[in-house]
J.: 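The structure follows.
To find a chain, count down the sequence lines: A is the first, B the second, and so on, and within it residues start at 1.
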Number of protein chains: 2
Amino acid sequence: MAELTGVQKQYILHWGEMGTRWGINRTVAQIHALLYLSPKALPAEEIAETLSVARSNVSTSIRELETWGIVRAVHVLGDRREHYESMKDVWEMFRLVIEQRKRREIDPTREMLRRCLADLDPKEPGADYTRERLGAMAGFFEAVTELHDQMKQVPTGTVRKLLRMGTKVRKKAG
Amino acid sequence: MAELTGVQKQYILHWGEMGTRWGINRTVAQIHALLYLSPKALPAEEIAETLSVARSNVSTSIRELETWGIVRAVHVLGDRREHYESMKDVWEMFRLVIEQRKRREIDPTREMLRRCLADLDPKEPGADYTRERLGAMAGFFEAVTELHDQMKQVPTGTVRKLLRMGTKVRKKAG
DNA sequence: CGTTTCTTTCAGTACAGACTGAATATACAG
DNA sequence: CTGTATATTCAGTCTGTACTGAAAGAAACG
């Protein structure tokens, strides 16, 4: 993977762009794309060269990918350097990312909504309306959490089954 | 809504912060939060004052919220200014946002993956592996699209039903 | 029409976060 | 130990996006 083919470049650049739109660092996303396409684990040095970014930038970005659990370091016999490889199971990868983001963003929001509802002084102007709106939003986040907890326990293979069930429900409702 | 209560401030600030983490402009998110909590439609001027941002910034941000379909302008008798109000149905709001983001981000990614698979020259080094990886990723995006199309047609009330079905599937699988 | 009120556009500025490269730390071999 | 290879940290710089304020543009009145 010293030289990138046209298709690989296309994928990596798009993935980086996509990352920025979802609040994920462009370099982090690009490195992930590169590792995902690579049949073998790559040392940081090679990643830096291939993507034309600073070696230190790779170090930080790999750390981030590791905390998400979608990239890990492996060792190669006769080479002292760490080599990094990406998880290949796409569903599992997204599940992990979603789980992390839930923990970092959904959970704190849920917490904030609870605190708001608790802090809400019934005597302040429009308290009833505020409570109603905050309550609706809190309900949404509760449901999302419930949905996520269930998803966590559904094995990858079952996802397609769920998809088909969705179709049935739709037909009944329609 | 001339003065914000402590709880309102808390909600608006958190929502703005949350926005930035998902690639949504902080001001856009804050304005949405403000309108969501407001029992009556607000003129741009008042939004600008309440949030301490430039009047022009409000104009641009409202436009963005309007293209998502979660905020609309309404007219108040005896007032020439446009007043803006947020949709209150939380599920519907998120459905709209997800739909837009799918169109802007998921669809182009799906397209890119198709193009990559089409452009892939079988003679280039590691073509088989690349095809395998791109194929897996493409499959994921196809499934996500399918899931989204179904969701679009499920009425809000049915969502909780789906949640319960998820539980059943999990129990069978477990 | 001219005036007033409100809205949008846009060129310039400010700022947050990404990125770099030098310095530092760590691991290993001889 | 000493020297070398690799990894990490961090202060400073750079860049892209958000934001501002002034100016232009619409719309509503008299």
J.: Once you round it to whole Å, what is the distance between P of dA16(C) and CZ of Arg26(B)?
T.: 8 Å

J.: Test of understanding: with side chain to side chain donor-acceptor pair (under 3.5 Å), list the residues that count as partners of Arg114(A), not counting sequence neighbours.
T.: Glu111(A)

J.: Figure out the CG/P separation between Asp79(A) and dC28(C), and round it to whole Å.
T.: 13 Å

J.: Among dT20(D), dT6(D), dT9(D), find the nucleotide with the atom closest to the side chain of Val53(B).
T.: dT20(D)

J.: Round to the nearest Å and state the distance from Arg55(B) atom CZ to dT5(C) atom P.
T.: 15 Å

J.: Think Thr27(B) has a side-chain N or O under 4.0 angstrom from the OP1 or OP2 of dC19(D)?
T.: yes

J.: Indicate yes or no: does Arg104(A) engage Glu64(A) in a salt bridge with an N to O separation below 4.0 Å.
T.: yes

J.: Separation of Leu42(B) atom CG from dC6(C) atom P, in whole Å?
T.: 15 Å

J.: Can you tell me the distance, in whole Å, between the NE2 atom of His83(B) and the P atom of dC6(C)?
T.: 9 Å

J.: In this structure, how many angstroms lie between the C1' atom of dT26(C) and the CZ atom of Arg81(A), rounded?
T.: 17 Å

J.: Of all the choices, dT4(C), dT8(D), dT4(D), which nucleotide is nearest to the side chain of Arg80(A) once you look at every atom?
T.: dT4(D)

J.: I want to check one thing: is the phosphate of dT9(C), taken as OP1 and OP2, less than 4.0 Å away from some side-chain N or O of Arg63(B)?
T.: yes

J.: Thinking salt bridges, do Glu99(A) and Lys102(A) make one under a 4.0 Å N-O criterion?
T.: no

J.: Going by the rule side chain to side chain donor-acceptor pair (under 3.5 Å), which residues pair with Thr145(B) if we only count those two or more places apart in sequence or in a different chain?
T.: Arg110(B)

J.: Remember a base hit wins even if backbone is also touched, and classify Glu45(A) as base, sugar-phosphate or nothing at under 4.0 Å, heavy atoms.
T.: nothing

J.: Is the number of heavy atoms from other residues, nucleotides or ligands under 6.0 Å of Asp128(A) CG greater than 12?
T.: no

J.: Whole angstrom is fine here: how far is it from CD1 in Ile62(A) over to C1' in dC19(C)?
T.: 16 Å

J.: Would one find a side-chain N or O of Ser56(B) under 4.0 angstrom from OP1 or OP2 of dT20(D)?
T.: no

J.: What nucleotide among dT9(D), dT9(C), dG21(C) has an atom nearest to a side-chain atom of Thr60(A)?
T.: dT9(D)

J.: Check every atom of dC19(C), dT9(D), dT6(D) against the side chain of Asn25(A) and return the nucleotide holding the closest atom.
T.: dC19(C)

J.: Does Asn57(B) put a side-chain nitrogen or oxygen below 4.0 Å from OP1 or OP2 of dG21(D)?
T.: no

